[in-house]
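Let me begin by presenting the structure, written as structure tokens, before commenting on it.
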Amino acid sequence: MGKDTLTIIDNRTGKSYEAPITDGTIRAMDLRQIKVNPDDFGIMSYDPGFKNTASTRSKITFIDGEKGILRYRGYPIEEIAENATYLEAAYLVMYGELPTREQYEQWVYDITHHTLVHENLRTFLDGFRYDAHPMGIFISSVAAMSTFYPEAKNIFDQESVELQTKRLIAKVPTIAAFAYRHSQGLRYSYPDNDLSYVGNFLNMMFKMTELKYKPNPVIERALEILWILHIDHEQNCSTTTMRAIGSAHADPYVAVAGAAAALSGPLHGGANERVLRMLKRIGSVENIPDYLKLVESGQERLMGFGHRVYKNYDPRARIIKNFAHEVFKVTGKNPLLDIAIELEQRALNEEYFIKRKLYPNVDFYSGIIYQAIGIPTSMFTVMFAIPRTVGWLAQWREMLQDPEQKIARPRQIYDGYSERHFVPMDQR
Ligand code: ACO
């Protein structure tokens, strides 16, 4: 039986070094002992985009990208999506165990009773232009909440951490729905405590003149499943941002705002919006081959395809695709679904995609369902940010408890000029 170490021979000096291997990793800091002379800084690893760098230990989410497996706290995502309510899944991700009935009821009560936002926040929201993108409103309003709750800066006060966690989870749907109503010029619809977390969101989005909004149970459950699937996905770009901002001990409101800003990018959470635009642009099944040619020649990307971690079918995409038909029985069929199904089928049989292991990701089908439910395209990333707030907070809390975590501060390879001297303007 060999040893759990890695032997590195530095061919510059002929010296040999031994680094322990733990959990399939070596410590980057172990490379620093490798020097050509005592003044040398030592070797660093270079990894743009963190493609092969573990930045933390985590007990929250497990992904096996090669096999297409996703688990929250050990439970397969398929079982959670089928059996749990949204807040039950959120509790599991946050605290590590499924709640008992008593814990669950307290959790639901606490979240339900924090859904209102301060009226000043509502007037703050009124200040945005009528056509402001809801994701911009969402990011700014979440950041603004930091000014309403200054005690949130006490990030090592457990009571405060609990309170801010509940406030954030409770208030993000309110902010999201208000952002939408603002962009439509509609009166804000206030939270209704009789409804579920998801049902209340639909109420705040779509209530018009009726005295009491009654969500359609199929749509409510569809949205609940979509949100469960989006709660956490380990160290993705926005979660890494959350941890990086949190590592400087900033408060959770600004950290969530920063994470949401990362999520808004088209290569991350902005992709579902782009998928819809792409499907509309393709327009009909007949135009698919021409679009695929553009993708294969590098002129376009097939949005909703490909993933840094999944080199197999994204399990979330499979769940969404399967229940899309249930939703369409209620809403009527979205014609874009035919294009999406055919596009997926063709792409999966094309050499270009097979060779690169490109499969549909969670965003490929989620946008089509959101559209069928009546959510405008500009709201799609906000719809992602609501459930991911739970994941961000769970990851942030885990980081604060981790004695190994330090302020995030990567190194660089300096590629610029060596020292040079200032030249007065008239001599340049
Ligand atoms: N369409 C066409 N080609 C693609 C796609 C795509 N969607 N995704 C990857 N490729 C190609 C790349 O061009 C590259 O080809 P090459 O080797 O010939 O240069 C190869 O596949 C590897 O791609 P990378 O960009 O190096 O992979 P990376 O892991 O950096 O990117 C990403 C992953 C950003 C998700 C990428 O697949 C992508 O842009 N997909 C479309 C956007 C999208 O759907 N994002 C949502 C991701 S899921 C989420 O955030 C919730």
Side-chain angles (χ1 to χ4, degrees), residues 46-53 61 63 65-66 68 70 72 77 81 135 225-242 259-279 281-282 288-321 336 339-340 343-370 377 379-392 395:
Y46 177 57
D47 188 9
F50 310 119
K51 284 182 117 160
N52 195 37
T53 296
T61 293
I63 300 175
E66 293 296 327
L70 169 61
Y72 290 161
I77 191 66
M135 195 57 185
I225 294 175
L226 274 171
W227 278 1
I228 288 173
L229 300 179
H230 283 89
I231 287 178
D232 194 60
H233 212 234
E234 51 119 308
Q235 310 311 317
N236 53 77
C237 179
S238 57
T239 303
T240 299
T241 306
M242 179 83 193
L263 187 74
S264 72
L267 295 188
H268 191 9
N272 52 12
E273 194 173 323
R274 293 291 195 91
V275 171
L276 257 240
R277 289 192 212 286
M278 175 188 75
L279 293 174
R281 218 184 106 201
I282 294 173
I288 291 175
D290 285 346
Y291 189 78
L292 286 178
K293 275 193 204 124
L294 291 176
V295 172
E296 286 167 27
S297 63
Q299 295 174 66
E300 291 288 348
R301 253 185 188 217
L302 186 52
M303 298 313 287
F305 254 68
H307 199 277
R308 172 62 60 79
V309 179
Y310 291 119
K311 301 301 168 202
N312 199 322
Y313 214 101
D314 180 337
R316 302 167 299 173
R318 200 187 303 279
I319 297 170
I320 297 176
K321 188 180 171 187
L336 297 180
I339 302 176
L343 186 57
E344 177 196 328
Q345 218 40 49
R346 293 210 189 198
L348 290 179
N349 287 308
E350 291 279 342
E351 173 67 13
Y352 176 94
F353 296 90
I354 297 169
K355 215 172 96 193
R356 292 172 177 78
K357 296 187 178 175
L358 299 171
Y359 290 86
N361 61 51
V362 67
D363 283 329
F364 195 65
Y365 286 103
S366 64
I368 302 172
I369 296 181
Y370 284 143
T377 317
M379 277 291 287
F380 286 3
T381 317
V382 179
M383 299 297 288
F384 191 161
I386 296 169
R388 187 51 62 85
T389 296
V390 172
W392 291 329
Q395 299 272 350

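In each ligand, atom 1 is the first atom listed, and ligand 1 is the first ligand listed. By convention here, the first residue in the shown sequence is residue 1.
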ask   = Backbone, side chain, both or neither: what part of Val362 comes under 4.0 angstrom of ligand 1, heavy atoms only?
value = side chain
request  = Tell me which part of Asn236 gets within contact of ligand 1: side chain, backbone, both or neither, using heavy atoms under 4.0 Å.
outcome  = neither
ask   = What atoms in ligand 1 come closer than 4.0 Å to a heavy atom of Phe384?
value = 51 (C)
request  = Answer side chain, backbone, both or neither: which part of Asn361 comes under 4.0 Å from ligand 1, heavy atoms only.
outcome  = side chain
ask   = Can you name the ring-ring contact (aromatic ring centres under 6.0 Å, His included) partners of His230, sequence neighbours left out?
value = Phe384
note = among protein heavy atoms, the one nearest atom 26 (O) of ligand 1 is Lys51 NZ, 4.0 Å
request  = Check each of Asp314, Leu226, Leu70, Asn272 against Val362 using the side chain to side chain contact (heavy atoms under 4.5 Å, CB included) test, and report the only one that passes.
outcome  = Asp314
key: Distance, nearest 0.5 Å, that separates NZ of Lys311 from OH of Tyr359   = 11.0 Å
query = Which residue supplies the protein heavy atom nearest to atom 35 (C) of ligand 1, what is that atom called, and how far is it?
reply = Gly306 O, 3.6 Å
inquiry  = Measuring from atom 42 (C) of ligand 1, which candidate in Lys357, Met303, Lys311 has the nearest non-hydrogen atom?
reply    = Met303
request  = First locate atom CD of Gln395, then atom NE2 of His233, and finally report the distance between them rounded to the nearest 0.5 Å.
outcome  = 11.5 Å
query = What pair of heavy atoms forms the shortest contact from His268 to Asp363, and how long is it?
reply = O-OD2, 3.5 Å
task = Starting from atom 40 (N) of ligand 1, locate the nearest protein heavy atom and write down its residue, its atom name and how far away it is, to 0.1 Å.
result = Phe305 O, 2.9 Å
key: Spacing of CG belonging to Leu343 relative to CZ belonging to Phe305, to within rounding of 0.5 Å   = 6.5 Å
Arg388 side, atom CZ; Thr381 side, atom OG1 - distance, nearest 0.5 Å = 12.0 Å
query = What part of His307 sits under 4.0 Å from ligand 1 if we count only heavy atoms: the side chain, the backbone, both or neither?
reply = both
note = re atom 38 (C) of ligand 1, the protein heavy-atom contact at minimum distance is Arg301 NH1, 3.2 Å
query = Distance below 4.0 Å between atom 13 (O) of ligand 1 and any protein heavy atom?
reply = yes
remark   = Nearest non-hydrogen protein atom to atom 20 (C) of ligand 1, with distance, is Arg356 CD, 3.8 Å
query = About how many Å separate CG of Leu336 and CD1 of Ile369, when rounded to the nearest 0.5 Å?
reply = 12.5 Å
Residue from Trp227, Phe380, Tyr365 passing ring-ring contact (aromatic ring centres under 6.0 Å, His included) with Tyr370 = Phe380
ask   = Is there a donor-acceptor pair closer than 3.5 Å between any side-chain N or O of Arg308 and the backbone N or O of Gly49?
value = yes
ask   = Which heavy atom of the protein is the closest neighbour of atom 4 (C) of ligand 1, given with residue, atom name and distance?
value = Leu358 CD1, 3.5 Å
ask   = Considering only the protein, which heavy-atom contact is closest to atom 43 (C) of ligand 1, and what is its distance?
value = Ala271 CB, 3.5 Å
ask   = What part of Val295, side chain, backbone, both or neither, has a heavy atom within less than 4.0 angstrom of ligand 1?
value = side chain
message = Is atom 18 (O) of ligand 1 near the protein, in the sense that some protein heavy atom lies at less than 4.0 Å from it?
response = yes
key: Minimal non-hydrogen separation, Ile63 against Tyr310, with atom names   = CG2-CE2, 3.6 Å
task = Could you tell me whether Phe364 approaches ligand 1 through its side chain, its backbone, both or neither, with non-hydrogen atoms closer than 4.0 Å?
result = neither
remark   = The protein heavy atom nearest to atom 33 (C) of ligand 1 is Arg308 N, 3.8 Å
key: Residue-ligand contact Tyr352/ligand 1, heavy atom below 4.0 Å   = yes
task = Establish whether atom 22 (C) of ligand 1 and some protein heavy atom are separated by less than 4.0 angstrom.
result = no
query = Hey, are the side chains of Leu292 and Leu302 touching, using non-hydrogen atoms and a 4.5 Å cut-off?
reply = yes
ask   = Looking only at distance, does Gly304 have an N or O less than 3.5 Å from an N or O of ligand 1?
value = yes
message = Out of Leu294, Leu267, Asp363, who is nearest to atom 45 (N) of ligand 1 when you count heavy atoms only?
response = Leu267
key: CD1 on Ile319 to OG on Ser366, rounded to 0.5 Å   = 13.0 Å
remark   = Checking heavy atoms under 4.0 Å, the part of His268 that sits near ligand 1 is both
request  = Please examine the side chains of Tyr291 and Met278, heavy atoms only from C-beta on, and report whether any two atoms are closer than 4.5 Å.
outcome  = yes
request  = Out of Thr381, Asn272, Leu302, indicate the one that has the non-hydrogen atom closest to atom 7 (N) of ligand 1.
outcome  = Leu302
